[in-house]
Trainee: 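Dropping a structure here in structure tokens format, bear with me for questions.
In what follows, every heavy atom counts, from backbone to side chain, and hydrogens, waters and symmetry copies are set aside. None of the values given here were measured: they were computed from a predicted structure. Index from 1, following the sequence.
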Amino acid sequence: MFSVTGMQTFTFFSMPHILTLILFVLTFFLFVYYRRGLKSYQNLIKWTLFTILIVCEVSFHLWLILTNQWEVADLPLQLCSLSTFLSLFLFLKPNQKVFNLLFFIGLLPAILSMVTPDIVYQFPHFRFLKYFLHHSAIPLAVLYFILFEGYRVPRKAVISSYLTLNVIAVPIFFLNRFLDTNFFFLASPSETETLLSFFGSGIMYYISLEIAAIIVFMITYIPMGILLKREKGTAN
């Protein structure tokens with residue numbers, strides 16, 4: 001389960017992969033459907049998600065260290081780590097601008113990462129369990145903030161959050177050059193085949209990243225726009 005070389009047989013849409021995706025979708029749906037009944041369990045849900053995010057982030061680095069694999073490329077500077085830190089911050093201190101960014105980078109991107117995961121380990125390896133639990137907890141945290149803490153995202157946040165992400169990406173780009181790393185996948189696509197594998201290379205890769213990012217942001221906002229419109233109609 002914790003082997004470095006064993007169980008490297010992950011296959012896209014294998015039975016464990018499909019069942020994991022179904023379990024996530026079911027949990028997401030139940031959160032929405034039973035949101036009123038779950039209100040009394042808000043604190044339990046909050047601290048459970050908080051704990052899962054911390055345990056996933058810390059246990060991953062502990063595993064790397066204990067198996068003598070940790071290197072500078074494993075610094076928590078990927079989008080999922082940024083989403084994790086933003087979520088943890090919001091659990092402790094309300095902040096609308098922080099949630100706006102988390103909404104766009106922690107909802108659909110995390111879900112897409114589960115559809116085409118950047119892993120080689122199969123169930124029940126630790127890395128498989130950690131990857132999917134971690135990437136499930138991030139969008140569930142976003143959903144928690146919407147359902148139980150009343151966060152909403154204005155339409156203008158699509159552009160402001162997109163620009164914020166680009167500002168964050170600039171030092172990450174140069175850090176990649178300096179450390180020979182691939183944080184935010186700005187240097188190249190992931191080593192395993194994911195959606196980024198179809199983005200080309202060179203300047204086309206960066207153009208594709210920018211186009212994909214704004215498309216993902218706009219698609220992510222659609223249900224929020226519908227929710228705001230419905231709530232406005234109900235209020236009137």
Trainee: Is the ring centre of Phe24 less than 6.0 Å from the ring centre of Phe28?
Mentor: yes
Trainee: Establish, from distance only, whether the side-chain atoms of Asn100 and Ser161 form a donor-acceptor pair under 3.5 Å.
Mentor: no
Trainee: Ring centroids only, cut at 6.0 angstrom: are Tyr121 and Phe10 within range, meaning strictly under it?
Mentor: no
Trainee: Mind running ring-ring contact (aromatic ring centres under 6.0 Å, His included) on Tyr221 and Phe217 for me, showing each step along the way?
Mentor: CA-CA 6 Å; Tyr221 189 75; Phe217 275 40; over 10 Å; no
Trainee: Side chain to side chain donor-acceptor pair (under 3.5 Å) with Ser160: which residues, sequence neighbours excluded?
Mentor: none
Trainee: If we ignore angles and hydrogens, is there a donor and acceptor under 3.5 Å between the side chains of Gln96 and Tyr151?
Mentor: no
Trainee: Spell out, as yes or no, whether a donor-acceptor pair under 3.5 Å connects the side chain of Arg230 to the backbone of Leu227.
Mentor: no
Trainee: Has Arg127 got a side-chain atom pairing as donor or acceptor with Val120's backbone, closer than 3.5 angstrom?
Mentor: no
Trainee: Heavy atoms only: give me the nearest Gln122-Thr9 pair and the separation to one decimal.
Mentor: CB-OG1, 3.4 Å
Trainee: I want to know whether Phe132 and Phe128 have ring centres closer than 6.0 Å.
Mentor: yes
Trainee: Side chain of Lys130, backbone of Ser59: donor and acceptor closer than 3.5 Å?
Mentor: no
Trainee: If you round to the nearest 0.5 Å, how far is OH of Tyr41 from CG of Leu38?
Mentor: 8.0 Å
Trainee: With a 3.5 Å distance limit and no angle check, can you tell me whether Gln78 reaches the backbone of Asp74 through a side-chain donor-acceptor pair?
Mentor: no
Trainee: If we ignore angles and hydrogens, is there a donor and acceptor under 3.5 Å between the side chains of Glu210 and Tyr205?
Mentor: no
Trainee: Please report the closest heavy-atom contact between Gly106 and Ala110, naming both atoms and the distance.
Mentor: O-CB, 3.5 Å
Trainee: Assess the side chains of Thr11 and His17: does a donor N or O sit below 3.5 Å from an acceptor N or O?
Mentor: no
Trainee: Please name the pair of heavy atoms, one in Ser113 and one in Tyr131, separated by the smallest distance, quoted to 0.1 Å.
Mentor: O-OH, 2.9 Å
Trainee: Testing Phe99, Phe145, Phe85 for ring pair (Phe, Tyr, Trp, His ring centres under 6.0 Å) with Phe91, which one passes?
Mentor: Phe145
